[in-house]
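Each chain gets a letter, A, B and so on, in the order the sequences are listed, and its residues count up from 1. For clarity, every value in this text was computed on a predicted model and none was experimentally measured.
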Protein chains: 2
Amino acid sequence: MDINTEIIENNRTQMRRGVLEYSILLILAGGDEYASSIIQKMKDVNIIVAEGTIYPLLIRLKKLGLLNYRWEESPQGPPRKYYMITDFGRQQLDGLDSAWDELARGIEIIRNVSKHNLR
Amino acid sequence: MDINTEIIENNRTQMRRGVLEYSILLILAGGDEYASSIIQKMKDVNIIVAEGTIYPLLIRLKKLGLLNYRWEESPQGPPRKYYMITDFGRQQLDGLDSAWDELARGIEIIRNVSKHNLR
DNA sequence: TTGAATACCTTGCAACACAAGGTACTGAAA
DNA sequence: TTTCAGTACCTTGTGTTGCAAGGTATTCAA
């Protein structure tokens, strides 16, 4: 990768990392999913997550009491671990909604100031 | 801090980290600033950065060719290191604008799907 | 019984934010 | 003229965390 795209890709990754937990909770608030399907849904909106990221993360979120899971047979292949969001998880999700809104508003502001000046 | 606010604060921090470089470039695209004033401007929009974060970061961005600096006398106290964005920096900033827009769009989408289903 | 597809999980490394601790310059007060 | 407060710069060490790589297990079909 040349340096031109590297810096941007790097930051794109960095930005994504910031919203990993948030997006997982958002997705699970819309319905139960298993790891691979979460990865796919995030990929669909261009938020790339690796397996090595999501499995430990789901375990952590479960430990924190934000998630639970149940095993479910798969049409083919090994059984799937369906994660579901808990009441506590939903409660936390509300806070994350605000956190995201606040960040987005902040970026919006410095963006506008920046444009208003020299750009 | 109780666990209720801890999880949210933690994620708020995580989200902020994702946009650190982006916000610095945004601010410098609006005019030259020195470290402390950058910290202040970010604080104004609720993006908190520590000194121990920003100094190494500015050095890194300079090394990458995104920034330059000049020394300038201060009305009182030691001289200030004013950072300015380079042409290359502006060019990269365009890419970061897109990266941010894309992420925001992604979050928007999964948010809506989530609401449309169960929330 | 071998192979492909799907699913789960762990280990080790590297990046990075930041708390803590430090230096240095200025001007004013004691 | 020393001391203090304010401002500004910088570095070190630590803890967290994302992820590439490598691994196991299940199912079904060829």
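Hydrophobic clustering, with ILVMFWY side chains joined whenever heavy atoms are under 4.5 angstrom apart, groups A/Leu67 together with A/Leu20.
Distances were taken from every side-chain heavy atom of B/Asn10 (C-beta onward) to each of C/dA7, D/dT17, D/dA20; the shortest belongs to D/dT17. Ranking D/dA8, C/dA7, D/dC28 by closeness to the A/Gln76 side chain, first place goes to D/dC28. Of all nucleotides listed (D/dA8, D/dC19, C/dC8), D/dC19 comes nearest to the side chain of A/Arg17. When the nucleotides C/dA7, D/dC10, D/dC19 are ranked by their closest atom to the side chain of A/Ser36, C/dA7 comes out on top.
Using modelled atom types and a 3.5 Å distance limit, the side chains of A/Gln40 and A/Asp44 yield a donor-acceptor pair.
Nearest-nucleotide assignment on DNA chain D puts the 5′-proximal partner with B/Tyr34, out of B/Ile59 and B/Tyr34.
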Quiz item: Stepwise, does the side-chain hydrogen bond (donor to acceptor under 3.5 Å, both in side chains) test hold for B/Tyr22 with A/Arg111?
Solution: CA-CA 10 Å; B/Tyr22 181 41; A/Arg111 240 193 194 182; 2.9 Å; yes
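Contact annotation: B/Thr53 side-chain N/O to C/dA17 OP1/OP2 distance is not under 4.0 Å. Close to C/dT26, at under 4.0 Å from its OP1 or OP2, lies no side-chain N or O of B/Ser74.
Counting non-hydrogen atoms of other residues, nucleotides and ligands closer than 6.0 Å to CG of A/Asp87 gives a total of 12 or fewer.
In the region residues 77-85 of chain B, proximity to DNA chain C at under 4.0 angstrom, judged on heavy atoms, holds for B/Gly77, B/Pro78.
Applying the 3.5 Å distance criterion, the base of D/dC10 shares a donor-acceptor pair with the side chain of B/Glu51.
Using a 4.0 Å heavy-atom cutoff across all strands shown, B/Leu57 reaches no nucleic acid atom at all.
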